[in-house]
2 protein chains.
Amino acid sequence: MMKNNLKVERAIKSITQQELAKIIGVTRQAINSIELNKFVPSTILALKLSEFFNKPVNEIFFLEETD
Amino acid sequence: MMKNNLKVERAIKSITQQELAKIIGVTRQAINSIELNKFVPSTILALKLSEFFNKPVNEIFFLEETD
DNA sequence: TCTAAAAGTAATGTATAGTTGTCATTGTGT
DNA sequence: ACACAATGACAACTATACATTACTTTTAGA
């Protein structure tokens, strides 16, 4: 299982899903679905988020134990 | 465009695509296709590779300019 | 409290990640 | 030169990321 703290990062920058989506180049639903762990983004998306939030991918996304 | 140095990392550990694939839990063709930039792996796969190679995702995968 | 923005959710469609299987090519040791 | 391991490549299939549209629910501010 993979988790992420996109919601937190977004709160730090106080930016909406909508705005983030536009910057990254995906839909608001895509951002929403990632935040809610409904799907696993591509590495390109992860790198773009990493770039935007100025944090390494590994600090935004991480694997959880128990498979 | 995204690039990666999986081939180099693999050479450092002197491990075959086959072996790496088995460890990560994908097929040899998947590893091969990623190395040859034929497709973009999921963030989970990137994190597993990051874990195995003991290097941050951003040091294995990176965005290239010119789109 | 009323309202509008923000976030959650769901259906359907499309693109593409990843599998399975198979064959061709390159490299390396003997 | 021969054999075999490692890699590249391709076709057909399945699973799922992500788009689009649209509707509901939650949250924050006047």
Rounding to a whole Å, what distance do you find between [X]:[atom1] and [N]:[atom2]?
| X | N | atom1 | atom2 | result |
| --- | --- | --- | --- | --- |
| Gln18(B) | dA6(D) | CD | P | 8 Å |
| Leu45(B) | dA17(D) | CG | C1' | 14 Å |
| Met2(A) | dT16(D) | CE | C1' | 13 Å |
| Phe39(A) | dT16(C) | CZ | P | 15 Å |
| Asn37(B) | dA9(D) | CG | P | 12 Å |
| Leu20(A) | dC18(D) | CG | C1' | 15 Å |
| Ile15(A) | dA7(C) | CD1 | P | 10 Å |
| Ile31(B) | dA17(C) | CD1 | P | 14 Å |

At less than 4.0 Å, is any side-chain N or O atom of [X] found next to OP1 or OP2 of [N]? Yes or no.
| X | N | value |
| --- | --- | --- |
| Ser42(B) | dA17(D) | no |
| Lys7(B) | dG8(D) | yes |
| Gln29(A) | dA10(C) | no |
| Thr27(B) | dT19(C) | yes |
| Asn32(B) | dT7(D) | no |
| Arg10(A) | dA7(C) | yes |

Quiz item: Counting heavy atoms not belonging to Lys13(A), are there more than 12 under 6.0 Å from its NZ?
Solution: yes
Quiz item: Is it true that Leu6(B) and Ile23(B) fall in one hydrophobic cluster, defined by side-chain heavy atoms closer than 4.5 Å?
Solution: yes
Quiz prompt | DNA chain D: 5'-proximal contact among Glu19(B) and Lys38(B) (nearest heavy atom) | solution = Glu19(B)
Practice problem: Would you mind telling me which of dA19(D), dG18(C), dT9(C) lies closest to the side-chain atoms of Pro41(B)? | Solution: dG18(C)
Exercise. Counting heavy atoms from C-beta on, name the nucleotide in dA9(D), dT7(D), dG18(C) closest to the side chain of Gln17(B).
Key: dT7(D)
Quiz prompt | Asn58(B) side-chain N/O to Val57(A) backbone N/O, donor-acceptor pair under 3.5 Å | solution = yes
Self-check item: Flag, side chain of Ser42(B) to backbone of Ser42(A), donor-acceptor distance under 3.5 Å
Solution: no
Practice problem: Return yes if the base of dG18(C) and the side-chain atoms of Arg28(B) contain a donor-acceptor N/O pair under 3.5 Å, otherwise no. | Solution: no
Quiz item: Which atoms form the tightest heavy-atom contact between Glu35(B) and Gln17(B), and what is the distance?
Solution: OE1-NE2, 3.1 Å
